Amino acid sequence: QVPLVESGGRLVQAGGSLRLSCAASGRFFSTCYMGWFRQVPGKEREFVARISGSGGSTRYADSVKGRFTISRDNAKNTVYLQMDSLKPEDTAVYYCAAAPPGRVTMIAHEYDYWGQGTQVTVSS
């Protein structure tokens with residue numbers, strides 16, 4: 001199991017920055033692709049970014065490319081999402097997720113483990 005706990009969400013003004021953290025437990029953390037997703041009420045969960053187990057490969061949704069950066073520290077079993085130049089449309093609950101070892105995906109239902117989510121609100 002890879003229980004996940006997100007933190008760092010809060011209210012921020014447009015143009016500001018936030019860093020989300022996701023702490024994982026479990027000795028297989030470094031073998032798993034990790035992803036960040038977000039969801040607003042009434043909409044499906046949306047892919048934001050993913051990172052390989054080593055951290056050497058990343059991928060982003062077009063809507064956040066150039067503004068968000070995903071990274072990980074395997075020594076701390078933690079994955080991060082640095083969010084810069086935030087926009088009101090970035091407002092959502094942000095979730096981190098762990099894919100099964102060896103799976104490379106951006107599809108939410110293919111991730112096995114999820115955190116409880118952290119609210120990010122960007123005011124205009």
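Bear in mind the structure is a predicted one, so any value in this text is a computation, not a measurement. Scope of the values below: all heavy atoms of this structure, side chains included, with no hydrogens, waters or symmetry mates.
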* To do: For Thr91 and Val122, indicate whether the former's side chain and the latter's backbone hold a donor-acceptor pair under 3.5 Å.
  => yes
* **Nearest heavy-atom neighbours spanning Arg38 and Ser63** => NH2-OG, 3.5 Å
* Evaluate side chain to side chain contact (heavy atoms under 4.5 Å, CB included) for Tyr94 paired with Glu6, printing each intermediate quantity in order. => CA-CA 8 Å; Tyr94 283 71; Glu6 302 99 333; over 6 Å; no
* Between Thr121 (side chain) and Leu11 (backbone), is there a donor-acceptor pair under 3.5 Å? -> no
* Asked: Would you say the side-chain atoms of Thr105 and Glu110 include a donor-acceptor pair closer than 3.5 Å?
  -> yes
* Report the residues that fulfil side-chain contact (heavy atoms from CB on, under 4.5 Å) with Arg59, sequence neighbours left out, ordered by chain and then residue number. => Arg50, Met106
* **Ion pair check, Asp90 and Lys87, cut-off under 4.0 Å** => no
* Can you name the nearest heavy-atom pair linking Ser124 to Pro88, along with the distance? -> CB-CG, 3.8 Å
* Structure fact -> Heavy-atom nearest pair, Tyr111 first then Ala98, reads CD2-C, 3.5 Å
* Work out which heavy atom in Ala97 is nearest to a heavy atom in Leu4; give both atom names and the distance. => CA-CD1, 3.7 Å
* Please name all residues satisfying side-chain contact (heavy atoms from CB on, under 4.5 Å) with Ser30, sequence neighbours left out, ordered by chain then number. => Asn74
* Approximate separation, where rounding is to 0.5 Å, of Gln13 CD and Ser123 OG -> 5.0 Å
* Cluster overlap Leu81 with Phe29, hydrophobic side-chain contacts below 4.5 Å -> yes
* **ILVMFWY network linking Tyr113 to Tyr33, side-chain heavy atoms under 4.5 angstrom** => no
* **Trace of the side chain to side chain contact (heavy atoms under 4.5 Å, CB included) decision for Thr118 with Tyr95** => CA-CA 7 Å; Thr118 186; Tyr95 298 89; over 6 Å; no
* To do: Name the orientation class of the two ring planes belonging to Phe37 and Phe47 (parallel below 30°, tilted from 30 to 60°, perpendicular beyond 60°).
  => perpendicular
* List the steps and the verdict of side chain to side chain contact (heavy atoms under 4.5 Å, CB included) for Gln39 and Glu44. => CA-CA 6 Å; Gln39 190 170 25; Glu44 292 187 355; 5.5 Å; no
* **CA sep, side-chain torsions, deciding dist, call: Arg10, Val12, side chain to side chain contact (heavy atoms under 4.5 Å, CB included)** => CA-CA 6 Å; Arg10 62 177 176 85; Val12 64; 4.1 Å; yes
* To do: Measure the spacing between OG1 of Thr58 and CE of Met34 and express it to the nearest 0.5 Å.
  => 14.5 Å
* Could you tell me which non-hydrogen atom of Val93 sits nearest to which non-hydrogen atom of Gln119, and how far apart they are? => CG2-OE1, 3.2 Å
* To do: Say whether Asp84 and Ser17, considering side chains only, have a donor N or O and an acceptor N or O under 3.5 Å apart.
  => yes
* **Nearest non-hydrogen partners of Trp36 and Tyr80, listed with the distance** => NE1-O, 3.4 Å
* Asked: Is there a donor-acceptor pair under 3.5 Å between the side chain of Arg72 and the backbone N or O of Ser52?
  -> yes
* To do: Give the cluster check for Ile51 versus Phe68: same hydrophobic cluster or not, with ILVMFWY residues linked at side-chain heavy-atom distances below 4.5 Å.
  => yes
